[in-house]
Amino acid sequence: MTTPSAWKVLSAGRGPGLVLAVDFATTGRSDSGFSDLAPRLGPEFTVWETRQPDTGDGMSARDYVERWAREVEDSGRTVRAVLGYCAGSVFAGELAARLAAGQAEPPGFLMFDPEVPTPAALDRDFTAMLDQFASVLSAGEVAAARQAAAAARAAASDFAAFGDELVRIFREQAGAAFAREELDPDLLEEFAAVFRSFVSYLDAAREIDPTAAWRTATSVNSLEPTEGARLAARAVDIPVRHTDILRSDLTAGAVTEFLSAHALS
């Protein structure tokens, strides 16, 4: 088949079936990703990871799931399991249910530190993005951005409005730093666009009630377990920090065991 556009091929395995991974993967983030996990799995597993559209503005949760599901269905390949990371677990449950309707056997559903997007979580992600610019932003600029974010969170009318404010704050604080350091302003806009797309992805996920799907899932939990993990049918606890859960060999062992239990007949 042609190279998928809505998916990134992390590994082209030898065995039947696909393993689909749902995450908003970006270059330079501190959190581990499925690109860390895939090489730790056996060579028989074919792993595809979701690609995000250039901009998610105006996209609903259904639009995201349709974008990913259509290309999988068109491939004619059976899905062995659907994996979801953090907020990606919300979409993963919907995607697994959609694909199950077209298969003789439903795919397994495995999630990692699952959580529904909240303003507090978005604030945390904004702080993590600021940390990526520690070599450019001064301590005063970081403090000012965090203070402005706290004020925006208190004043915002909804999740999307809070996200819009965070994008504005980032452009304002980082823009001054980029000008001072004589850095390419186009690079700043690229980062702002990625964060804007991330906000749209999270806002769309909030349209989904994942409760029913999560009650059928296995949850792999770090030392910083989420509220969503309590809903899972089965839990696997991995003694690593949240940021390292997808780069742990212990996690890879648990995933391999899960996938082996969901072998295609």
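Start at 1 with the first residue, then count along the sequence. Heavy-atom basis, side chains included; hydrogens, waters and symmetry copies ignored.
- Side-chain atoms of Arg67 do not come within 3.5 Å of backbone N or O of Ala6 as any donor-acceptor pair.
- For Thr78, there are no side chain to side chain donor-acceptor pair (under 3.5 Å) partners two or more places apart in sequence or in a different chain.
- Heavy atoms only, all atoms of each residue included: Ala149 and Phe162 are closest at O-CE1, 3.5 Å.
- Considering only heavy atoms from C-beta on, Ser219 comes within 4.5 Å of Pro114 through its side chain.
- By the ring pair (Phe, Tyr, Trp, His ring centres under 6.0 Å) test, Phe24 pairs with Phe198, Tyr201, sequence neighbours left out.
- Applying the salt bridge (Lys or Arg N to Asp or Glu O under 4.0 Å) test to every pair with at least one member in residues 137-153, sequence neighbours left out, gives these pairs: Asp123-Arg153, Asp131-Arg146, Glu141-Arg180.
- Rounding to the nearest 0.5 Å gives a distance of 6.0 Å between CD of Gln132 and OG1 of Thr26.
- There is no path of hydrophobic side-chain contacts, each under 4.5 Å, that joins Leu110 to Leu99.
- Around atom CD of Gln147, no more than 12 heavy atoms belonging to other residues, nucleotides or ligands sit under 6.0 Å away.
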Q: Applying side-chain contact (heavy atoms from CB on, under 4.5 Å), run through Val199 and Leu166 and close with a yes or a no.
A: CA-CA 9 Å; Val199 171; Leu166 291 182; 5.9 Å; no

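- Among residues at least two apart or in separate chains, salt bridge (Lys or Arg N to Asp or Glu O under 4.0 Å) pairs with a member in residues 110-121 are Glu115-Arg124.
- For the pair Ser35 and Leu10, the tightest heavy-atom approach, listed with the atom from each and the gap, is N-CD1, 3.8 Å.
- Taking 4.5 Å as the limit, some side-chain heavy atom of Val90 sits within range of a side-chain heavy atom of Trp214.
- Within the model, atoms CG of Leu37 and OG1 of Thr251 stand 7.5 Å from one another, a figure rounded to the nearest 0.5 Å.
- The salt bridge (Lys or Arg N to Asp or Glu O under 4.0 Å) analysis of residues 37-53, with sequence neighbours excluded, yields the pairs Arg40-Asp249.
- The salt bridge (Lys or Arg N to Asp or Glu O under 4.0 Å) test applied to Asp237 returns no partner, not counting sequence neighbours.
- Inter-residue side-chain proximity for Leu20 and Trp7 is flagged as met; some heavy-atom pair is nearer than 4.5 Å.
- Of all heavy-atom pairs between Ala69 and Leu95, the closest is CB-CD1, 3.8 Å.
- Transitive grouping of hydrophobic side chains (ILVMFWY, heavy atoms separated by less than 4.5 Å) keeps Leu223 and Val236 in distinct clusters.
- Follow the hydrophobic side-chain contacts under 4.5 Å out from Val79 and you never reach Phe45; the two are in separate clusters.
- Evaluation of the salt bridge (Lys or Arg N to Asp or Glu O under 4.0 Å) rule for Glu73 yields Arg98 as partners, not counting sequence neighbours.
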Q: Kindly indicate, with the supporting measurements, whether the criterion ring pair (Phe, Tyr, Trp, His ring centres under 6.0 Å) is fulfilled by Phe112 and Phe34.
A: CA-CA 11 Å; Phe112 304 82; Phe34 287 112; 5.8 Å; yes

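- Applying the side chain to side chain donor-acceptor pair (under 3.5 Å) criterion to Asp31, with sequence neighbours excluded, gives Tyr85, His242.
- To the nearest 0.5 Å, atoms CG (Leu83) and CH2 (Trp48) are separated by 14.0 Å.
- Scored by the ring pair (Phe, Tyr, Trp, His ring centres under 6.0 Å) test, Phe258 finds His262 as partners (sequence neighbours excluded).
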Q: Take Asp203 and Ser200 through the test side chain to side chain donor-acceptor pair (under 3.5 Å) and record every step on the way to the result.
A: CA-CA 5 Å; Asp203 195 38; Ser200 297; over 6 Å; no

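- Note that CG of Leu250 is 12.5 Å distant from OG of Ser222, once rounded to the nearest 0.5 Å.
- Residues that satisfy the side chain to side chain donor-acceptor pair (under 3.5 Å) test with Ser5, not counting sequence neighbours, are Glu71.
- Panel note: side chain Asp158, backbone Ala161; a donor-acceptor pair is recorded below 3.5 Å.
- Under a cut-off of 6.0 angstrom, the local environment of CZ in Arg168 is crowded, with over 12 non-hydrogen atoms contributed by other residues, nucleotides or ligands.
- Side chain of Ser89 to backbone of Gly84: a donor-acceptor contact under 3.5 angstrom is found.
- Residue pairs meeting the side chain to side chain donor-acceptor pair (under 3.5 Å) criterion with at least one partner in residues 14-24, sequence neighbours excluded, are Asp23-Arg29.
- One hydrophobic cluster, built from ILVMFWY side chains closer than 4.5 Å, cannot hold both Phe109 and Leu259; they sit in different ones.
- Every side chain to side chain donor-acceptor pair (under 3.5 Å) that Glu189 has, sequence neighbours left out, goes to Arg171.
- The shortest distance between side-chain heavy atoms of Leu137 and Leu130 falls below 4.5 Å.
- Note: Phe170 and Phe191 fail the aromatic proximity criterion, with ring centroids not under 6.0 Å apart.
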Q. Under the side-chain contact (heavy atoms from CB on, under 4.5 Å) criterion, do Val220 and Ile245 qualify, and how do the steps go?
A. CA-CA 9 Å; Val220 179; Ile245 192 167; 4.0 Å; yes

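- Between the CZ atom of Arg62 and the CD1 atom of Ile208 there is a distance of 12.0 Å, given to the nearest 0.5 Å.
- Between Ala12 and Thr46, the shortest heavy-atom distance links the atoms C-OG1, 3.9 Å.
- Minimum interatomic distance between Tyr64 and Ala204 (heavy atoms only, all atoms of both residues): CE1-CB, 3.6 Å.
- In this structure, the separation between CD on Glu165 and CZ on Phe126 is 10.0 Å, given to the nearest 0.5 Å.
- Scanning all heavy atoms of the two residues, the minimum distance from Ser197 to Gln52 falls at OG-CB, 4.5 Å.
- Placement of Val47 and Val82 in two distinct hydrophobic clusters is found when ILVMFWY residues are connected by side-chain heavy-atom separations under 4.5 Å, directly or transitively.
- No more than 12 heavy-atom neighbours from other residues, nucleotides or ligands sit within 6.0 angstrom of CD on Glu182.
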